[in-house]
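What follows is one structure encoded as structure tokens, with my remarks underneath.
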Amino acid sequence: MSPILTISGLHKSFGELEVLKGIDLTMQRGDVVSLIGSSGSGKTTLLRCVNLLEDFEQGSIELAGEKIGYREDGAGQRRRLSEREVARQRAMTGMAFQQFNLFPHMTAIRNVMLGLIKTKKMPKDEARAVAEKWLERVGMAARSDHYPGQLSGGQQQRVAIARAIAMNPQIMLFDEVTSALDPELVAEVLAVVRDLAVDGMTMLLVTHEMRFARDVSTKVVFMHQGRIHEEGTPEEIFGAPKTERLQGFLANSEI
Amino acid sequence: MSLLDGLGDTILISVSSVVLGTILGVFVGLAMTYGQKWLRFIVRLYIDFLRGTPVFVLILACFYILSVVGVDLTAFQAGVLALTLFCSSHVGEIVRGALSAIAVGQTEAAKSIGLTFVQTFIYVLLPQALRQILPTWVNTATEIVKASTLLSIIGVVELLLATQQVISRTYLSLEFYLFAGFVYFLLNFVIEQAGRAVERRISIP
């Protein structure tokens, strides 16, 4: 089976600072991969590269058999794809953000419908039906006419996840989706993510919830200083960490 | 009758200047926010120059200087041009402020569902920015109405000059100046109330 996501030799710098120093990662359809590591290790940047929210200088990302973000011209020069192409490829991935980033001037259902109508060119009725279905799935159907400001953080995040997943992406990216939430709201969001994992959604997530990563992941990747330091099954990573660095990191994290 | 004509001109001048100035101003604000460095520099100069110049001088400049370089505008056109430029500098500044106040996550979320830059601007950023600039924008509109009186200097018979003409015939200066003042107040009162009503309607819960 050909992989859904292939990242090879990915390098990314912010000015002088190299934050990704050659990342190789492969995911199959249905994989749930958790990226863990201390802040500044490059996990979020890696996720943002997959969604083309960041440029990268070297290496390639292949999504469902298609190289994303860049192409090589006749002379072998690396060129950024046109904005329209990039927008199309971005829609192949769904992203849930730490700060939810719902559009405050639209109701929950409008938030979900916007991409369906504008990017997928769906007729309004169909978009509404799809949006309703996904809001139902995340347990937000009763609040579909509420504005984000009228929802709790956990509810906002669930709507944001529905907005991303309604686009029917090849892969879902979760960027610390519970980090901005009050502790009592974390569980309802994790439950939604877990449901999606059980359903076979391909997911790449950055998380600080070690217990959760252990439960849902098919693979856990520990990043350190812009490199993949150790990777393996949850049992290997949490049960028998090989490197000292990972052992230290886990000792300092709540499991 | 000539007073009514004057009032008509005042309204026409104000509306055209505000509409044109706002359209131009949105582009000025866009350029300030998303433009390349050189473009931002030029637009910054444009804004500072227009905001630093008295409207009175702008009006005279549009009327006299342009005709010297061969652009022949009627007094009415020159006046509307001056007020449009003035309005665009103010709108440009408030649009820039409103756009830069919107969290960067909004743009990222829009991109992540595949919206292009133009779609992001139209459906996500502009509606939020407009809500924010509305009060300041209404203020600018009332400033333009007041500034339209300055067009009397270059001979545009708007409400003020029309009033003065009536006074020169009737010598009832107090009565007619009071009347004109009241009409200006009424115009701006209506604008402000309309602005508040719109604000209430579009406020985000």
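Each chain gets a letter, A, B and so on, in the order its sequence line appears, and its residues count up from 1.
For F27(B), the CZ atom counts as loosely surrounded, since its 6.0 Å shell holds 12 or fewer non-hydrogen atoms of other residues, nucleotides or ligands. Counting non-hydrogen atoms of neighbouring residues, nucleotides and ligands closer than 6.0 angstrom, the CD atom of E136(A) reaches no more than 12 such neighbours. Counting heavy atoms of neighbouring residues, nucleotides and ligands inside a 6.0 Å radius, atom CZ of F14(A) exceeds 12 of them. Residue-environment remark: CZ (R84(A)) stays at or below the threshold of 12 foreign heavy atoms within 6.0 Å. The number of heavy-atom neighbours closer than 6.0 Å to CZ of R79(A), taken from other residues, nucleotides and ligands shown, is 12 or below. In this structure, R110(A) places its CZ atom where only 12 or fewer heavy-atom neighbours from other residues, nucleotides or ligands lie under 6.0 Å away. Summarising the local packing, CZ of F41(B) is surrounded by 12 or fewer heavy atoms from other residues, nucleotides or ligands at distances under 6.0 Å.
In this structure, chain B has no heavy atom under 4.5 Å from any part of M92(A). Only the backbone of L102(A) has a heavy atom closer than 4.5 Å to any heavy atom of chain B. Both the backbone and the side chain of I113(B) come within contact range of chain A, with heavy atoms under 4.5 Å apart. Only the side chain of Y147(A) comes within contact range of chain B, with heavy atoms under 4.5 Å apart. Interface remark: R163(A) contributes backbone and side-chain atoms alike to the contact with chain B (heavy atom separation under 4.5 Å).
E108(B) is not listed as a side-chain neighbour of M95(A), based on a closest heavy-atom distance of 4.5 Å or more. Residues T116(B) and V86(A) are not in side-chain contact: their nearest non-hydrogen atoms beyond the backbone lie 4.5 Å or more apart.
Closest approach of A91(A) to G114(B), counting heavy atoms only: CB-CA, 4.0 Å. When all heavy atoms of Y123(B) and H105(A) are compared, the pair lying nearest together is O-NE2, 2.9 Å. Considering every non-hydrogen atom in both S112(B) and F97(A), the closest pair reads OG-CE1, 3.8 Å. In plain terms, the two heavy atoms of L115(B) and A87(A) that are nearest each other are O-CB, 4.2 Å.
When each of Q98(A), M167(A), K118(A) is checked for heavy-atom pairs under 4.5 Å with chain B, K118(A) comes out on top. Per-residue counts of heavy-atom pairs under 4.5 Å with chain B were compared for A96(A), G149(A), P104(A); the largest is that of P104(A). Chain B forms more heavy-atom pairs under 4.5 Å with one residue of R90(A), R88(A), H146(A) than with any other, namely R90(A). The choice from Q119(B), R131(B), Q128(B) that makes the most heavy-atom pairs within less than 4.5 Å of chain A is Q128(B).
A donor-acceptor pair under 3.5 Å is formed between the side chain of N101(A) and the backbone N or O of G105(B). Looking at E83(A), its side chain does come within 3.5 Å of a backbone N or O of F117(B) through a donor-acceptor pair.
Taken from OG1 in T107(A) to CD1 in I204(B), the straight-line distance is 12.0 Å, to the nearest 0.5 Å.
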